[in-house]
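Remarks on the structure that follows.
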Protein chains: 2
Amino acid sequence: MVDKEKIRQKIVLSASEIFSRYGFKKTTMEEIAKSLSKGKSSIYYYFHSKEEIFEAVIDHEAQVLKNQLSKVIKSSGDPEQILRKYAKVRMRSFEKLSNYYDAIFNRDLDHFDFIEKQREKYDLMEIAFIRYILWRGVQSEHFNLENTGLAALAVQTALKGLEIPLFWHKRRYGIDARLDAIVDILFYGIVRK
Amino acid sequence: MVDKEKIRQKIVLSASEIFSRYGFKKTTMEEIAKSLSKGKSSIYYYFHSKEEIFEAVIDHEAQVLKNQLSKVIKSSGDPEQILRKYAKVRMRSFEKLSNYYDAIFNRDLDHFDFIEKQREKYDLMEIAFIRYILWRGVQSEHFNLENTGLAALAVQTALKGLEIPLFWHKRRYGIDARLDAIVDILFYGIVRK
DNA sequence: GACTAATCGACCGTTTAGTTCTAAGAAAAT
DNA sequence: ATTTTCTTAGAACTAAACGGTCGATTAGTC
């Protein structure tokens, strides 16, 4: 036994690439298997179904995203810069974590119940992260907010709005500028005068 | 009658995008039809088969490539610069004309006989183009060559060698440098001392 | 050699996707 | 107004593809 978990991870990594290229439906078990130089049926020794592999892929990408964002919010610097950086990192993740975002956005995948859970988990995490940034901003008297929870929701909504054009046509053209613009607008209502 | 040919072109343009995203096999008639807000069977009023659409897409992209390269070789300037530019334009086309290159390279598509013809046509065109550049170089005494036909073949072979890594992993990292290096090497044997 | 871990080819039932057919709406011609 | 031609698309057909199962087989360990 070489360690079942190791191979599971290899499958997840490999499947992740194929899923992100073709999407869930267009990806076949045959392809996943071949990318690992295995027979199709061997994959079923490690996962019960294609759906389960997808779930593992999503989980993995969610973990990666969480780590990235976590690192940003823990970094030192003034809260304004951190919030900017947070938004940028989040948007850039689109390219790498396409399965995760597919799962969050794609209507075709609605029927998977774990997607719904993932969406909730994602929202909660994001709001908590943003709220933490805002809270630190209030503490250090950079921001002037009554209710950080509500403000976090507002910021998250704005960020989500940016995702839609980014998701539909993948090019990032103009997004960085719009991102700055939005964050700027947010700041004019937030930053202490 | 709105003009059948116009709609055929619209189908080719739309199908081109989908093919380049998913490849021939993974692209469905349904998708092509939907992208034009038509029923699947309506497409068959304009094309006999999926394969025929693909053929038209390839032809179209080949035309585009030919025009681009044609413009380069007709441009004025010293032959060395033109050859450099030619190589660069050719490599950059990879991103836009992915179906065409897929047809040229992808082994899975071998069974289509029009692909074979396309490959031949492409090779002949390319060699003629390169030969023309070299010939002009000889005329203007920039190059020193006995046999421009043979030299053209050599240059084309070198360019083809560059395509392979470019095709496999799509990133262009390092390709520009390698391109310059190869052209440089070619020049050391070609340029008049 | 016996036991287990891991792999794979063959196969099954179902779905999908390319293609055909037909009917019918829209537009043009008479 | 009616006939004819152009254009569309749903339904039906058929072959292939796909997810998944199973039993047999190989590789590895004690």
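To find a chain, count down the sequence lines: A is the first, B the second, and so on, and within it residues start at 1.
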Nearest heavy-atom pair of B:Lys26 and B:Glu31: which atoms, and what distance?
O-OE1, 3.7 Å
Search all heavy atoms of B:Val155 against all heavy atoms of B:Leu83 and return the closest pair with its distance.
CG1-CD1, 4.5 Å
[X] [atom1] - [N] [atom2] separation (whole Å):
X	N	atom1	atom2	answer
B:Lys38	D:dC6	NZ	P	16 Å
B:Ile18	C:dG18	CD1	P	11 Å
B:Lys34	C:dG18	NZ	C1'	16 Å
A:Lys26	D:dA17	NZ	P	15 Å
A:Lys25	D:dA17	NZ	P	16 Å
B:Glu30	C:dT20	CD	C1'	15 Å
A:Glu31	D:dG19	CD	P	8 Å
A:Lys4	C:dA5	NZ	P	8 Å

Numerically ordered, the residues 8-15 of chain B set in heavy-atom contact under 4.0 Å with DNA chain C is none
Side chain proximity check, B:Phe129 to B:Val72, heavy atoms < 4.5 angstrom:
no
Going by heavy atoms in the side chains, are A:Leu65 and A:Tyr122 under 4.5 Å from each other?
yes
N/O donor-acceptor pair under 3.5 Å between [X] side chain and [Y] backbone:
X	Y	answer
B:Arg8	B:Tyr46	yes
B:Lys50	B:Phe24	yes
B:Ser140	B:Arg136	yes

From CA spacing to verdict: side chain to side chain donor-acceptor pair (under 3.5 Å), A:Tyr44, A:Glu52
CA-CA 10 Å; A:Tyr44 286 88; A:Glu52 197 182 283; over 6 Å; no
Under 4.0 Å from any atom of DNA chain D, heavy atoms only: list the residues of residues 39-51 of chain A that qualify, in numerical order.
A:Lys40, A:Ser41, A:Tyr44, A:Ser49, A:Lys50
Just how far is it from atom OG of A:Ser75 to atom CD1 of A:Ile82, taken to the nearest 0.5 Å?
4.5 Å
